[in-house]
Chemist: 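Structure in C-alpha cells, see below.
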Amino acid sequence: MAEEQQQVFEPPESFVKNAWIKDESVYKEGEDYRSFWAKRAEEMIDWYEKWDETLVEDPPYYKWFVGGKLNASYNCLDRWIEKGKGDKLAYIWEGEDGQVRKFTYKELHKEVNKFANVLKNLGVKKGDVVSIYLPMVPELPIAMLACARIGAPHSVVFAGFSADSLRDRMTDAGAKYVITCDGYFRRGKLIDHKTKTDEGIEGMDVKSIVVRRGGNDVNMKEGRDYWWHELMEKADETCEPEVMDAEDLLFLMYTSGTTGKPKGVMHTTGGYLVGAATTMKWVFDVKDDDVYWCTADVGWITGHSYIVYGPLALGVTSIMYEGTPDYPKPDRWWEIIEKYKVSILYTAPTAIRMCMKKGDEWVNMHDLSSLRLLGSVGEPINPEAWLWYYRVVGKERCPIVDTWWMTETGMHIITPLPGVTKLKPGSATFPFPGIKAEVRDENGVVPPGQKGELVITTPWPAMLRGLYHAHDKYVEEYWSKYGLGKFYTGDGAIIDEDGYFWLLGRVGDVLNVAGHRLGTAEVESALVDHPSVAEAAVVGVPHEIKGQVPFAYVVLRQGYSPSDELKKELIGHVSKLIGPTARPSDILFVDDLPKTRSGKIMRRILKKLASGEEQIGDTTTLQNPEIVDEIHRELKDYLNK
Ligand code: WTA
C-alpha cells in the first residue's frame with residue numbers, strides 16, 4: 001500500500017467542536033448493551049406506551065422493547081409537526097429531467113394520511129403485506145409510511161428487478177396489493193414499468209395502484225388497476241396512526257442468499273426505528289440545518305434506513321434524486337450538491353470510482369463548500385477511492401464514515417463516529433457502541449492481521465427477526481456456522497493490530513455487483529431456465545468500477561452449439577428473469593464443469609480461472625481434474641481472440 005494510504009486521519013477540530021459525540025465514553029456506556037439501547041430508545045423515539053422489557057433473548061430469536069407501543073409514521077411525521085417543525089422540508093425531490101418537487105413535513109404528512117386512507121378503502125388491513133414496486137419518486141416513501149401508519153408491512157421490490165422477481169417476492173410474501181407506476185426516466189430514456197408489472201402479476205389475484213410519472217400510455221385493467229391520483233383525490237386527509245407493538249412487522253426486504261430463491265428479511269417496528277435513528281444521529285452527526293443526501297435507491301435497505309426511516313425519525317431535510325450520477329453530464333451530482341447546499345453525502349464506492357474515472361474537472365466545476373461529512377456504503381472502499389473522495393470531493397475538510405452493515409442488520413454495525421474516530425482509508429474502523437464483533441474461523445478467533453469471517457456477538461435492536469416463513473433457512477444462514485449467539489455475516493474480515501476492522505467482501509456464493517447483492521445461484525438458475533442450457537456455474541470476477549461482475553460458465557444441452565447469438569440470448573435471458581444488474585459480463589461455453597466427487601461444482605477454481613489467476617490450487621479432490629486444464633486453455637484462447 002502506498003504510504004499516503006496508510007496515513008491516519010484525525011477528525012478536524014472544528015468538526016469535533018460541534019459533534020454530537022465527541023469522545024469515547026459512548027463505547028464504555030455501550031458495554032451494558034441493554035441499558036445503552038434502552039436509553040437510546042427513550043431519547044430517539046416517542047412511545048405510546050413504554051416497554052416492559054428491553055430485550056428478551058431466546059436465540060436465535062430476539063425481541064426488543066417488549067410490550068412497547070409506537071407507530072413509525074407518527075415518529076417520522078406527526079411529532080415534528082407537533083414540535084413546530086411542520087414547515088421544514090422533509091424531501092427535496094429532483095427528477096432526472098430537472099423537475100423538482102418539495103415536501104415539508106406537513107405536506108408529507110398530508111400525503112401519507114391520504115394514501116393510508118386509500119389503502120384502507122381498497123381493503124388493506126393491519127398485517128396485510130403490501131408490495132411496492134416503484135422507482136425513485138416521492139410516492140415511494142409516501143407509500144411506505146402510509147403502510148406503516150395502518151400497520152400493513154411493506155415489501156419494496158427494487159424497480160430494476162424483473163417481472164419474475166416481483167412475482168416471486170409477492171407470492172412468497174402473500175401480497176395482494178402492489179403499488180407501481182406507468183414509467184420513469186433513466187438516462188433520458190422512458191422506461192415502461194407498467195407492462196413489466198402486468199407481466200409480473202398476470203393471473204394473480206391482486207390489486208394495483210399506478211402512479212403517473214412517465215406519462216406513457218398504459219393498459220389499465222378494470223377492477224384490478226387504479227390510478228394513484230384518482231384515488232388520492234377522494235381520500236380523506238386524516239388517518240389516525242395504528243398503535244403498533246414494538247415487535248410488529250414493519251417491513252420485509254428480500255435479499256440474496258446462498259440459494260436460488262431470495263429470502264424475506266423481517267424487520268420489526270420498535271428496535272428497527274431505534275437502531276436507524278441512533279445511527280443516523282451519531283454516524284451522520286446530523287443537525288437541524290443539515291441538508292442530507294443518500295444517493296441509494298429506496299428499493300434497497302440503505303434507502304429504507306437512511307432515506308426514509310432514519311432521516312425522517314430525526315426530522316432531517318433530505319434530497320431524493322431520480323436518476324444516475326452522470327446524466328446528462330458527469331457533473332450532475334456535484335451540480336445537485338451546489339444547488340441545494342448539501343452538507344452530508346452518503347454514497348457507494350462503485351459510484352465514487354465511476355466519478356473518479358470521469359475526472360476531477362467535473363467535481364471542481366462546482367462549489368462544494370457546503371459539504372461537511374461524507375459517507376460510504378455497500379462494499380469495501382479501496383484506499384485509492386477513499387483518498388480521492390476525501391481530497392477531491394471533501395477538500396480534506398470532511399471526515400468519511402465508511403459504514404459496514406447489511407440488509408439483515410438494518411443499521412450501521414461497523415462504522416466510525418466522525419467526531420471521535422481516527423480514520424484509516426479503507427477500514428470501516430470499529431463496531432458501533434453497544435455492539436461487539438469478532439473475526440474468526442473454524443478454530444476460533446483469529447489473531448490480529450489474519451483473515452477470518454466477521455461475526456456479531458451481541459444482539460442489536462435493528463437486527464432481523466427472522467426470514468419470512470423460513471425458520472430453518474434463518475438458522476442455517478446466520479446461526480449455524482459458529483453457533484447460536486454468533487451472528488454469521490458471510491463477510492471476510494481482518495482486525496489489525498490497532499483493532500481496526502477491514503472488510504474484505506462476501507466469502508460465499510453471494511456477489512456484490514456495484515453494491516447490489518446477488519446470489520450466484522440466482523443467476524445460475526436463470527441460465528438453466530433457458531432450453532439450451534444443461535448446467536451453469538457463475539462466479540464473481542473483479543471489475544474496475546463495479547467491484548465485481550458475474551461471469552458464467554455454461555454447458556449446453558445436446559443439439560445446441562456455442563455461438564455469439566446464443567451468448568447474447570442467454571445474457572438477455574438473465575436480464576429478463578432477474579434484472580440488468582445480474583447480466584453476466586461474459587459467458588464461456590464449456591464441455592463440463594469441475595466437480596468434487598460428490599458432484600458439487602468447484603466454484604473456487606472457476607473463480608480463479610475467470611479472474612486470470614495462475615495459481616489455482618489443489619485439484620486432486622475433483623472427479624474430473626482434466627477439465628480444469630481444458631477450461632484454462634479455452635479461456636486463454638478466448639481472451640486472446
Ligand atoms: C457489503 C447494504 C465493505 C458486505 C447495506 C455486506 C460492505 C453486503 C460495506 C450487504 C462496507 C456493505 N464495507 N462491505 N462499508 N457495506 N458491504 O444487504 O459484503 O445490500 O455483506 O446491505 O454489502 O449488502 P446489503
Side-chain angles (χ1 to χ4, degrees), residues 156-158 160-161 251-258 262-267 272 275-276 279-280 283 294-310 346-353 374-383 385-386 389 400-416 421 423-432 437 439 453-456 462-464 467 477-478 487-494 500-520 522 540 546-548 579 581-582:
V156 179
V157 180
F158 175 55
F161 276 147
F251 65 86
L252 291 176
M253 172 101 249
Y254 282 84
T255 190
S256 298
T258 48
K263 45 201 190 172
V265 169
M266 297 162 69
H267 281 293
Y272 173 78
T279 46
M280 183 75 209
V283 175
C294 167
T295 67
D297 193 292
V298 171
W300 309 109
I301 192 69
T302 304
H304 278 52
S305 300
Y306 300 108
I307 297 179
V308 183
Y309 290 109
Y346 189 33
T347 190
T350 181
I352 298 169
R353 289 193 296 267
L374 303 173
S376 172
V377 62
E379 53 177 316
I381 179 164
N382 47 313
W386 194 101
Y389 197 28
I400 296 182
V401 286
D402 171 9
T403 60
W404 180 93
W405 60 295
M406 52 201 295
T407 303
E408 292 84 344
T409 71
M411 60 184 252
H412 301 148
I413 295 292
I414 298 181
T415 174
T421 314
L423 306 172
K424 293 190 186 186
S427 165
T429 75
F430 307 109
F432 190 80
V439 173
E453 293 178 315
L454 180 72
V455 168
I456 309 171
M463 68 197 297
L464 81 166
L467 295 177
E477 288 263 339
Y478 309 109
F487 178 85
Y488 179 65
T489 63
D491 269 35
I494 293 175
Y500 282 70
F501 285 68
W502 297 79
L503 281 309
L504 306 171
R506 308 283 314 176
V507 288
D509 298 332
V510 177
L511 310 183
N512 189 327
V513 182
H516 299 163
R517 254 167 90 174
L518 181 69
T520 51
E522 279 171 77
K546 297 181 180 172
Q548 260 190 333
T581 24

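The model shown is predicted, which means the values in this text are computed figures rather than measured ones. Counting starts at 1 for both ligands and their atoms, in listed order.
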Chemist: I need the contact type for Ala428 against ligand 1. Using non-hydrogen atoms and a strict under-4.0 Å cut-off, is it side chain, backbone, both or neither?
Modeler: neither
Chemist: I need the nearest protein heavy-atom contact for atom 10 (C) of ligand 1: residue, atom name and distance, please.
Modeler: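 Protein heavy atom with the smallest distance to atom 10 (C) of ligand 1: Met406 CB, 3.4 Å.
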Chemist: Provide, to 0.1 Å, the distance between atom 24 (O) of ligand 1 and the closest protein heavy atom, together with that atom's residue and name.
Modeler: Arg517 CD, 3.1 Å
Chemist: Is ligand 1 less than 4.0 angstrom away from at least one heavy atom of Trp405?
Modeler: yes
Chemist: Answer yes or no: are there more than 12 heavy-atom neighbours, outside Lys546 itself, under 6.0 Å from its atom NZ?
Modeler: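 No, not enclosed.
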Chemist: Quick one: does Glu408 get an N or O within less than 3.5 Å of an N or O on ligand 1?
Modeler: no
Chemist: Using a 4.0 Å cut-off to any heavy atom of Thr403, which atoms of ligand 1 qualify?
Modeler: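 The atoms of ligand 1 under 4.0 Å from a heavy atom of Thr403 are 9 (C), 11 (C), 15 (N), 16 (N).
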Chemist: Do Ser305 and Tyr272 have a side chain donor and acceptor closer than 3.5 Å?
Modeler: yes
Chemist: Looking only at distance, does Thr489 have an N or O less than 3.5 Å from an N or O of ligand 1?
Modeler: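 No, Thr489 has no N/O under 3.5 Å of an N/O on ligand 1.
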Chemist: Numbering the atoms of ligand 1 from 1, which are under 4.0 Å from a heavy atom of Leu503?
Modeler: 3 (C)
Chemist: Which of these, Trp404, Phe430, Tyr306, Phe432, sits in a ring-ring contact (aromatic ring centres under 6.0 Å, His included) with His412?
Modeler: Tyr306
Chemist: Among protein heavy atoms, which lies nearest atom 4 (C) of ligand 1, and at what distance?
Modeler: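 I find the closest protein heavy atom is Asp491 OD2, 2.9 Å.
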Chemist: Which of the atoms in ligand 1, numbered in the order shown and given with their element, are less than 4.0 Å from a heavy-atom of Thr302?
Modeler: 5 (C)
Chemist: Who's the nearest protein heavy-atom neighbour of atom 13 (N) of ligand 1, and how far?
Modeler: Glu379 O, 3.3 Å
Chemist: Which value, rounded to the nearest 0.5 Å, describes the distance between Phe501 atom CZ and Leu504 atom CG?
Modeler: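 If we round to the nearest 0.5 Å, Phe501:CZ and Leu504:CG are 12.0 Å apart.
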Chemist: Going by atom types alone, do Thr415 and Thr403 pair a side-chain donor with an acceptor below 3.5 Å?
Modeler: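 The answer is no; no qualifying pair exists.
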Chemist: Scan side-chain atoms only and decide if Ser376 and Tyr346 contain a donor-acceptor pair under the 3.5 Å cut-off.
Modeler: no
Chemist: Is there a side-chain contact between Ile456 and Thr409 (heavy atoms, below 4.5 Å)?
Modeler: yes
Chemist: Is Gly378 in contact with ligand 1, taking contact as a heavy-atom separation below 4.0 Å?
Modeler: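 Judged by the 4.0 Å heavy-atom criterion, Gly378 does count as contacting ligand 1.
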Chemist: Should Glu408 and Thr255 count as side-chain neighbours, where that means a heavy-atom distance under 4.5 Å?
Modeler: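 Counting from C-beta outward, Glu408 and Thr255 do come under 4.5 Å.
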Chemist: Using a distance-only test with no angle check, is there a side-chain donor-acceptor pair under 3.5 angstrom linking Thr489 and Glu453?
Modeler: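 There is no such pair (donor and acceptor under 3.5 Å, judged by atom type) between the side chains of Thr489 and Glu453.
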Chemist: Begin from the C-alpha positions of Tyr478 and Phe487 and carry the test ring-ring contact (aromatic ring centres under 6.0 Å, His included) through to its verdict.
Modeler: CA-CA 5 Å; Tyr478 309 109; Phe487 178 85; 5.2 Å; yes
Chemist: For Asp402 and ligand 1, does the shortest N/O to N/O distance drop below 3.5 Å?
Modeler: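 Yes.
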Chemist: Heavy-atom distances under 4.0 Å are what count here, so tell me which part of Thr407 touches ligand 1: side chain, backbone, both or neither.
Modeler: both
Chemist: What atoms of ligand 1 come within less than 4.0 Å of a heavy atom belonging to Asn512?
Modeler: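 Within the 4.0 Å cut-off of Asn512, ligand 1 contributes 1 (C), 23 (O).
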Chemist: Taking distance alone, with N or O pairs closer than 3.5 Å, would you say Thr255 contacts ligand 1?
Modeler: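 No: no nitrogen or oxygen of Thr255 is under 3.5 Å from one in ligand 1.
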Chemist: Would you say Trp405 and Thr302 make side-chain contact, with heavy atoms under 4.5 Å?
Modeler: yes
Chemist: With nothing but distance in play, are any N or O atoms of Arg506 less than 3.5 Å from an N or O of ligand 1?
Modeler: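 Looking only at distances, the answer is yes, because the N/O contact criterion of under 3.5 Å is met.
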